[in-house]
Number of protein chains: 2
Amino acid sequence: MLKIGELASLAGVSRDTLRFYEKHGLIIPNQRTESGYRLYSNIDVERISFIVSAKEVGFTLNEIHQLLELEVTKDKKSCQDVKEFVDNKITIVNQRLLEIEKIKHSLQTLSDACCGGDEPATQCTILGALNEQAR
Amino acid sequence: MLKIGELASLAGVSRDTLRFYEKHGLIIPNQRTESGYRLYSNIDVERISFIVSAKEVGFTLNEIHQLLELEVTKDKKSCQDVKEFVDNKITIVNQRLLEIEKIKHSLQTLSDACCGGDEPATQCTILGALNEQAR
DNA sequence: ATAAACCTTGGAGTATAGTCTAGAGTCAAG
DNA sequence: CTTGACTCTAGACTATACTCCAAGGTTTAT
Ligand SMILES: [Zn+2]
Ligand SMILES: [Zn+2]
Ligand SMILES: [Zn+2]
Ligand SMILES: [Zn+2]
């Protein structure tokens with residue numbers, strides 16, 4: 001049984017983060033001491049590894065919540081369910097990627113058109129384009 | 001002279017958005033009526049076009065604030081200053097792009113390893129990987 | 001016995017970009 | 001002269017993922 005600080009340092013997150021995750025239903029300590037201290041088990045260390053690596057892979061806490069539910073009920077879920085979940089996320093990430101690429105190209109076009117010289121920016125094509133564009 | 005609702009519909013933003021922009025120093029009406037109504041000029045329509053298109057190109061309101069300052073003082077600023085600003089933004093966007101690509105590849109690897117079959121997910125490589133990975 | 005270290009709760013603050021609401025005042029038309 | 005459309009302010013609320021703080025209770029070490 002681990003107290004919150006022990007779990008925190010084992011898992012490499014802050015005590016506040018653990019309480020935050022608890023408030024959002026991601027890890028709930030299975031016991032409390034008489035005085036109200038949270039008590040965690042070793043399984044919770046793994047649970048946090050799971051959260052941390054899922055975060056690194058780009059899942060939001062909300063999605064991780066759903067993933068954890070898949071984890072817990074994995075005998076009732078199929079590989080198909082899990083893969084579908086990940087593939088949906090890939091679709092979302094792809095959309096975000098396209099958006100950002102579009103932004104990058106717009107900025108690049110803007111930059112390329114500007115001479116970048118020393119003269120006053122009164123005729124700067126960048127400022128000009130931002131003024132016109134929205135027509 | 002335009003009242004807030006008129007400017008809003010001309011510019012295609014909400015009245016609330018205009019007041020929000022004002023609070024953040026992006027557009028400040030040059031006059032008020034006796035009764036306190038904001039009065040905008042036609043120049044403000046262009047100013048909002050500027051904001052809207054800068055937003056579309058991926059600038060944050062904060063950055064647009066700085067861009068507007070470049071705009072206003074453009075006789076004191078050079079093309080170089082403006083281009084530098086845009087190029088810095090391109091660098092940031094590029095970093096974000098790389099991050100998201102990394103996430104995409106991680107997810108793809110995860111997905112590819114899973115059979116996606118009908119059997120219970122007890123042995124699912126995705127769930128497995130998320131449990132291990134963080135070591 | 002007492003101080004340090006740790007724990008508890010609730011709530012506020014951070015950044016982003018607004019939206020929505022309430023309660024009140026203003027303006028034009030019928 | 002009243003109704004409806006419009007405006008004002010201040011403040012709350014949205015989502016995301018925490019972090020920090022205050023004020024108090026508990027444990028551990030010396
Ligand atoms: Zn130039
Ligand atoms: Zn230029
Ligand atoms: Zn499988
Ligand atoms: Zn699988």
Query raised in the report: Does a side-chain N-to-carboxylate-O contact under 4.0 Å join B:Glu22 and B:Arg19?
Result: no

Report task. Just report the end-to-end axis angle for the helix from C:dA1-D:dT30 to C:dG30-D:dC1, five pairs per end, to 10 degrees. Result -> 30°

Query raised in the report: Contacts to DNA chain D from residues 19-39 of chain B, heavy-atom cutoff under 4.0 Å, which residues?
Result: B:Arg19, B:Arg32, B:Gly36, B:Tyr37, B:Arg38

Requested in this report: Take the protein atom CG of A:Asp16 and the nucleotide atom P of C:dT14, then report the distance between them rounded to whole Å.
Outcome: 16 Å

Report task. Write down the distance between CD (A:Glu63) and C1' (D:dT16), rounded to a whole number of angstrom. Result -> 12 Å

Report task. Look at B:Glu99 together with B:Lys102 and state whether they make a salt bridge at an N to O cut-off of under 4.0 Å. Result -> no

**Report entry** Gap between atoms OH and C1', on B:Tyr40 and D:dT7 respectively (whole Å)
**Finding:** 11 Å

**Report entry** Rounded distance in Å - CG (B:Leu18) to C1' (C:dT19)
**Finding:** 13 Å

Query - Short side-chain to backbone donor-acceptor contact, A:Ser53 and B:Leu130, under 3.5 Å - result: yes

**Report entry** Heavy-atom donor-acceptor pair, B:Arg47 side chain to B:Leu26 backbone, under 3.5 Å
**Finding:** yes

**Report entry** Atom-pair distance (CD1 on A:Ile4; P on D:dG25), nearest Å
**Finding:** 20 Å

Query raised in the report: To the nearest angstrom, how far is A:Glu6 atom CD from C:dA5 atom P?
Result: 16 Å

Query raised in the report: Is any side-chain N of the basic residue among A:Lys104 and B:Glu101 closer than 4.0 Å to the acidic one's carboxylate O?
Result: no

**Report entry** Rounded distance (nearest 0.5 Å) linking atom CZ of B:Arg38 with atom CD1 of B:Ile4
**Finding:** 5.0 Å

Requested in this report: First locate atom CG of A:Leu107, then atom CZ of B:Phe85, and finally report the distance between them rounded to the nearest 0.5 Å.
Outcome: 10.0 Å

Report task. Return the value, rounded to whole Å, for the distance between atom CG of B:Leu7 and atom P of D:dC8. Result -> 11 Å

Only pairs under 3.5 Å count here: list side-chain donor-acceptor contacts from residues 86-93 of chain A, not counting sequence neighbours, and write none if there are none.
from, atom 1, to, atom 2, distance (Å)
A:Asp87, OD1, B:Ser111, OG, 2.6
A:Lys89, NZ, A:Gly58, O, 3.2
A:Lys89, NZ, A:Glu63, OE1, 2.9
A:Lys89, NZ, A:Glu63, OE2, 3.1
A:Thr91, OG1, A:Asp87, O, 3.1

Report task. Figure out the CZ/P separation between A:Arg15 and D:dA17, and round it to whole Å. Result -> 22 Å

Query raised in the report: Between the side chain of B:Asp112 and the main-chain N/O of B:Thr109, is any donor-acceptor distance below 3.5 Å?
Result: no

